[in-house]
Student: 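Okay, handing you the structure first.
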Amino acid sequence: MSDTIFSKIIAREIPADIVYEDDVCLAFRDIAPKAPVHVLLIPKQPLTTLGEAISRDAAMLGHLMLKAGEIARQEGCGDAFRVVVNNGRGAGQEVFHLHLHILGGRELGWPPG
Ligand code: 5GP
């Protein structure tokens with residue numbers, strides 16, 4: 001997988017507003033937030049897209065989902081938040097390092113665009 005802007009954030013080569021970190025993942029505020037809370041949660045082990053995940057990635061993916069809920073609570077979203085993964089250009093993915101968008105802090109319409 002080629003380096004992305006998110007690899008540079010993990011390596012602290014470019015700044016980010018980090019809200020959570022552990023051995024497996026890093027969470028930081030989106031530079032162009034789409035809601036009052038908009039945090040990106042990424043694995044430190046690079047994976048291009050969710051669709052390319054294999055069974056070996058199961059523990060990491062489960063960890064991300066658990067942390068997404070914790071971060072949403074930590075950010076004050078209460079029980080109303082959304083976790084989004086854009087997979088592939090056709091679904092709006094721009095950065096090819098798997099990331100979960102954690103969105104909250106306002107009414108979230110459905111379906112998304
Ligand atoms: P995607 O469209 O790939 O699902 O989401 C990529 C997200 O990364 C976008 O919401 C975009 O605003 C965010 N983003 C892109 N570059 C940077 C950056 O340098 N720093 C931060 N914090 N977010 C970024």
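Order of listing sets the numbers, starting from 1, for every ligand and every atom in it.
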Student: So is F96 touching ligand 1 or not, going by heavy atoms under 4.0 Å?
Tutor: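 No; F96 lies far enough from ligand 1 that no heavy-atom distance drops under 4.0 Å.
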
Student: Please determine whether the number of non-hydrogen atoms from other residues, nucleotides or ligands lying under 6.0 Å from atom CZ of R56 exceeds 12.
Tutor: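 No, not enclosed.
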
Student: Applying a 4.0 Å heavy-atom criterion (strictly less than), which segment of I5 is in contact with ligand 1: side chain, backbone, both, or neither?
Tutor: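 For I5, the contact with ligand 1 is made by the side chain alone.
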
Student: Using heavy atoms and a threshold below 4.0 Å, how should the contact between L40 and ligand 1 be classified: side chain, backbone, both, or neither?
Tutor: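 It is the side chain that gets close, since no backbone atom is under 4.0 Å.
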
Student: Strictly under 4.0 Å, does any heavy atom of H101 approach an atom of ligand 1?
Tutor: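 The answer is yes, since H101 has a heavy atom less than 4.0 Å from ligand 1.
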
Student: Parallel, tilted or perpendicular, judged at 30° and 60°: which one describes the rings of H38 and H101?
Tutor: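 Tilted.
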
Student: Please could you name the atoms of ligand 1 that F6 approaches to less than 4.0 Å, counting only its heavy atoms?
Tutor: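 Checking each atom against F6, I get 8 (O).
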
Student: Using a 4.0 Å cutoff against the non-hydrogen atoms of A32, which atoms of ligand 1 qualify?
Tutor: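 The list of qualifying atoms is 12 (O).
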
Student: Among protein heavy atoms, which sits nearest to atom 17 (C) of ligand 1, and what does the distance come to when rounded to 0.1 Å?
Tutor: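 The protein heavy atom lying closest is I31 CG2, 3.7 Å.
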
Student: Does the pair E21/K44 count as a salt bridge with the N-to-O cut at 4.0 Å?
Tutor: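 Salt bridge present between E21 and K44.
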
Student: Would you say the rings of Y20 and F28 are close, in the sense that their centroids are separated by under 6.0 Å?
Tutor: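 Centroid distance F28-Y20: not below 6.0 Å, so no.
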
Student: Heavy-atom contact under 4.0 Å between G92 and ligand 1?
Tutor: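 A heavy atom of G92 does come that close to ligand 1.
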
Student: Which atom pair, heavy atoms only, marks the closest approach of C77 to G104?
Tutor: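 Looks like SG-CA, 3.9 Å.
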
Student: Closest non-hydrogen protein atom to atom 6 (C) of ligand 1, residue and atom name please, with distance?
Tutor: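 Protein heavy atom at minimum distance: H99 NE2, 3.5 Å.
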
Student: Closer than 4.0 Å to some heavy atom of K34 - which atoms of ligand 1 meet that?
Tutor: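 In order of numbering, the contacting atoms are 10 (O), 12 (O).
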
Student: Atom 22 (N) of ligand 1: which protein heavy atom is closest, and how many Å away?
Tutor: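 Answer, as residue, atom name and distance: R29 O, 2.9 Å.
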
Student: Classify the side-chain pair H63/D22 by whether it contains a donor and acceptor separated by less than 3.5 Å.
Tutor: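 Side-chain D/A pair, H63 to D22: present.
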
Student: Kindly compute the distance separating CG (N86) from CG (L50), expressed to the nearest 0.5 Å.
Tutor: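 Spacing of CG (N86) from CG (L50) equals 11.0 Å.
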
Student: I need the nearest protein heavy-atom contact for atom 3 (O) of ligand 1: residue, atom name and distance, please.
Tutor: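 Looking only at protein heavy atoms, the one closest to atom 3 (O) of ligand 1 is E94 N, 2.6 Å.
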
Student: Counting non-hydrogen protein atoms only, what is the nearest one to atom 10 (O) of ligand 1? Give residue, atom name and distance.
Tutor: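 Looking only at protein heavy atoms, the one closest to atom 10 (O) of ligand 1 is D30 OD2, 2.5 Å.
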
